[in-house]
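No hydrogens, no waters, no symmetry mates; every other heavy atom, side chains included, goes into these values.
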Amino acid sequence: MLLSSRQDRSRGVGVRVGLAFVVAGGVGLAAVSVGARADGRAKNRISYPVDAILEVRLAEAKRHEARAEWEQALAVYKDILEANATADPNEGNRVTPVAPGRHVGVSGWVRGRLRVLPKEARVVYRKTSDAWVTDRIQKALLTDDPAPQLDAIYEDCFLATDAPRALERAGDLDFAEGEIAAALDRYWRLLRQHRDPTGRENIVRAKAAVCCALIGRVDRLRKLLDEIRLFDPEARLDLDGRIVRGEDLLLQAIAVEAERARTGETAERGALGTAGGAVGRAIELGIHLWDQAAAGRVVPGRTPRNPQAFGLGPIGGARASNISPHYPVVAEGRLALAAADKLAIYDLASGKPLFRNGLDVRPTVHYEETNDRVIYGGTSHRGVFSAPFVQRVANEEYWRGIPIKVKIPVRKLVGFDGRTWKRLWDHSETLEETPLQVASFPTPPAARRGTLYASAFLVRGFVQSWVAAFDARTGEPKWMTWLCSGQVEQTMFGEHAIEPLCSPVVAGNDTVFHVTSFGAVVALEARTGRIKWMTEYEQIEVQAAQGYYPRERDIGWRNCPPVLVESDDGTGSVLVITPLDSNFYYGLDAERGAVIWKEHRDDLQYLVGAADGKVVLAGNRMVVARDARTGKRVWESDLKDLPYARTEVVSGRGVIAGRDAVIPLRHRLLSVEVETGSVSALSNTFNGHSNGGNVFAWGDQVLIAAPSRIHVYENRAATKGKSGKDGDERDQEKRKPSRRKF
């Protein structure tokens with residue numbers, strides 16, 4: 001089905017008549033374009049993958065339900081789920097509307113209908129489907145990677161008698177492979193979604209409790225022990241005939257949590273941090289160790305030399321900016337720093353460069369960055385470092401000084417061995433003859449269980465938003481999913497006037513979340529790439545060119561990934577998003593995609609992270625904390641009342657460190673207690689640089705990625721107590737920066 005679209009000149013966008021059809025890799029998939037809000041206000045056009053034929057089948061099943069014709073209704077649902085389970089991701093990647101501005105994946109819609117079936121329909125389901133489900137389970141167990149398939153069988157067929165046992169088995173397989181967090185996720189879902197999941201409820205609780213102890217999930221373990229005490233006041237767990245006291249597991253979990261808080265170890269070693277935007281351990285800024293231009297130790301306060309090394313200067317061009325685009329990554333004791341066409345590697349302890357002039361990833365490309373919304377960073381996962389680099393640049397064209405085309409870079413991911421730094425794969429080569437052959441990947445990927453998840457855009461008239469999954473070791477694609485299509489500013493000649501906005505994804509245990517920058521946020525199944533749900537948000541409207549020149553939107557947010565605030569109390573997780581193309585930020589139900597709360601951006605620019613059920617944002621002269629579940633403002637720290645307020649503004653992305661939010665200003669770091677909003681100074685002045693920078697912490701070091709260079713400081717909070725010493729004994733009192741209340 002081909003649908004035409006028209007943009008009305010009265011909305012200030014210009015007139016463009018053409019096909020809104022977007023080839024998404026599957027027969028029967030059409031892009032349904034939405035061009036006006038329910039309340040009549042103008043908005044940018046968004047196109048979704050909707051199948052009209054499938055809509056007819058869903059309506060047919062609902063009619064059977066209304067007549068209590070359970071076998072016929074269940075037969076339709078079974079056919080849809082079975083077809084989607086075996087289809088190519090994009091062929092099975094269809095959505096259906098459930099509310100204004102909300103779509104869900106068809107598989108998710110069917111699962112939702114099955115969950116509300118009455119008792120008599122469930123009896124029919126088991127009678128007609130138990131044998132089919134058991135056969136699917138047996139076939140899954142014979143595959144190379146059965147755990148994800150068993151999980152999918154549970155989601156599709158949870159009403160079947162054997163379905164709960166399939167999910168428990170998937171958790172057991174994860175546990176055997178050392179994927180403790182994934183195993184806990186499966187056990188936890190089983191306990192929350194089934195009153196008595198397998199007739200072995202306390203056995204599942206015992207398995208979940210062991211997982212909590214091994215990875216330091218203290219809050220979840222306490223909740224499990226409270227449930228176990230309803231049956232056994234002493235909270236004893238039977239682990240294959242061995243009786244273990246719950247209190248002993250709790251002590252182990254507390255010890256693991258404390259160690260991880262000290263070292264900051266996370267499953268994902270990416271520049272963008274964890275899904276919660278946290279580093280785990282506290283930060284206390286110590287002495288200045290080295291900067292990116294000088295190997296070895298430098299004298300604190302001395303201005304570093306050669307600040308433009310490896311092209312690490314501030315954003316240039318017409319949109320000059322002092323915002324740092326750099327997000328360094330630490331792996332194997334080395335700091336990796338990506339630029340447009342080069343990769344610099346430093347020894348983290350000494351600052352000595354591994355390669356004198358860096359690695360020339362793209363020797364034939366020389367690109368001066370002009371996009372202040374780009375992120376230069378990467379991800380280190382299972383021994384592989386991966387990052388985007390400019391592959392080619394579309395040539396600019398002018399007619400009598402009037403822009404026809406602007407420079408738009410195409411960026412591709414490249415993977416390196418994290419020890420030898422030899423190139424393992426390059427998407428300039430491995431994506432040939434795929435739907436994303438000419439796509440651009442402007443942001444670092446997220447990583448889970450040997451898989452990289454990356455966002456991309458593809459220009460085909462409209463701009464398509466994609467997410468793809470790749471094998472971390474080989475770079476080979478596992479799935480590629482087209483999500484929606486939208487529009488960006490245009491020149492008076494109808495060409496794109498900016499590099500399309502693109503935000504990084506966040507990966508949970510079984511879900512990948514992406515803010516498309518085209519008016520929708522999407523959740524996808526991590527295993528298959530199929531859309532779970534898609535929810536619209538309010539965009540900044542794209543305006544037509546003014547005279548000879550394009551009118552760019554006033555983008556207030558900096559490019560930050562979403563934050564997933566997990567819940568252990570049964571209320572569900574919350575996804576907090578700050579879309580680049582919106583003046584609002586949102587809290588959404590992570591499972592269903594429903595908007596829980598919405599707030600205007602005001603002067604905020606950065607989504608810092610979450611801790612203790614609160615999400616922290618910062619910008620200009622303001623730091624704000626909101627309750628993630630309700631959106632209620634918990635506290636606000638107005639920096640205007642602090643000393644030096646005239647010269648100090650938020651000047652980079654901060655981080656959640658321990659129980660504090662560490663926020664970079666132009667000349668100092670601030671520590672804001674997440675619980676109360678109490679503000680402390682971590683340093684009076686930065687040593688040898690100003691203009692702030694993005695803050696990171698690994699092990700014993702704190703990294704500040706300033707607009708022109710990288711600075712490394714001692715983290716005294718990490719070194720305290722080591723080897724019986726209170727931090728570094730080298731002239732401690734003279735060099736220790738102050739930490740004082742304002």
Side-chain angles (χ1 to χ4, degrees), residues 1 3 24-32 48-99 102-140 148-164 166-167 193-194 481 522-525 527-534 591-594:
M1 178 175 64
L3 301 180
V27 178
L29 280 179
V32 174
Y48 301 119
V50 178
D51 190 328
I53 297 175
L54 189 59
E55 293 285 315
V56 174
R57 295 213 69 196
L58 296 177
E60 175 191 354
K62 290 184 72 174
R63 287 195 297 271
H64 286 308
E65 279 191 49
R67 300 167 188 161
E69 297 170 349
W70 304 121
E71 287 195 22
Q72 294 91 327
L74 291 171
V76 175
Y77 291 148
K78 176 182 173 182
D79 287 347
I80 292 172
L81 290 174
E82 193 169 24
N84 282 0
T86 57
D88 176 88
N90 279 313
E91 291 180 5
N93 203 18
R94 293 157 285 189
V95 298
T96 187
V98 292
R102 282 186 58 209
H103 292 70
V104 297
V106 171
S107 292
W109 188 91
V110 171
R111 293 166 185 165
R113 297 300 303 175
L114 293 176
R115 289 186 186 279
V116 298
L117 288 178
K119 183 177 180 180
E120 59 269 26
R122 295 175 179 236
V123 172
V124 173
Y125 182 95
R126 293 188 179 98
K127 180 181 177 181
T128 58
S129 300
D130 268 2
W132 170 65
V133 173
T134 301
D135 181 63
R136 283 187 66 184
I137 292 172
Q138 295 303 319
K139 289 179 179 177
Q149 297 187 49
L150 291 171
D151 195 315
I153 291 170
Y154 168 77
E155 291 294 337
D156 284 349
C157 316
F158 59 91
L159 292 179
T161 304
D162 289 344
L167 186 57
Q193 295 177 3
H194 287 269
T481 299
V522 186
L524 304 97
E525 295 178 359
R527 184 180 68 89
T528 65
R530 293 188 177 91
I531 295 174
K532 286 188 171 183
W533 52 258
M534 179 183 293
E591 183 62 31
R592 301 183 301 113

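Taking NE2 of His103 as the reference point, atom CD1 of Ile531 lies at 10.0 Å (rounded to 0.5 Å). In this structure, CD1 in Ile137 is found 5.0 Å from CG in Asp162, a value given to the nearest 0.5 Å. A distance of 7.5 Å separates OG1 in Thr134 from CD in Gln138, rounded to the nearest 0.5 Å. Atoms CG and CG, on Leu167 and Leu150 in that order, are 8.5 Å from each other to the nearest 0.5 Å.
The shortest non-hydrogen separation linking Trp132 to Glu82 is NE1-OE2, 3.2 Å. Of all heavy-atom pairs spanning Arg122 and Arg115, the tightest one is NH2-O, 2.7 Å. In this structure, Tyr125 and Ala160 approach most closely via the heavy-atom pair CE2-N, 3.6 Å. Closest approach of Lys78 to Thr128, counting heavy atoms only: NZ-O, 4.4 Å. A pairwise comparison of heavy atoms in Ala61 and Tyr77 identifies CB-CE2, 3.4 Å as the closest pair. Contact between Leu74 and Ala121 at its shortest, heavy atoms only, is CD1-O, 3.8 Å.
Formation of a donor-acceptor pair under 3.5 Å by the Asp130 side chain with backbone atoms of Thr161 is found in this model. Side chain of Ser129 to backbone of Arg126: no donor-acceptor contact under 3.5 angstrom is found. For the pair Arg111 (side chain) and Phe158 (backbone), a donor-acceptor distance under 3.5 Å is absent.
Proximity of Trp70 to Glu65: side-chain heavy atoms (C-beta onward) are separated by under 4.5 Å at one or more points. Contact check for Leu81 versus Ser107: side-chain heavy atoms found under the 4.5 Å cut-off. In this structure, Glu60 and Val76 have side chains that are in contact, with non-hydrogen atoms separated by less than 4.5 Å. Using a 4.5 Å heavy-atom threshold, the side chains of Arg136 and Gln149 count as separate. Contact of the Val124 side chain with the Leu117 side chain is not registered, since no non-hydrogen atoms from C-beta on lie closer than 4.5 Å.
With salt bridges taken as basic N to acidic carboxylate O contacts below 4.0 Å, none links Arg530 and Glu155.
No more than 12 heavy atoms of other residues, nucleotides or ligands shown are found within 6.0 angstrom of CD on Glu71. More than 12 heavy atoms of other residues, nucleotides or ligands shown are found within 6.0 angstrom of CD on Glu69.
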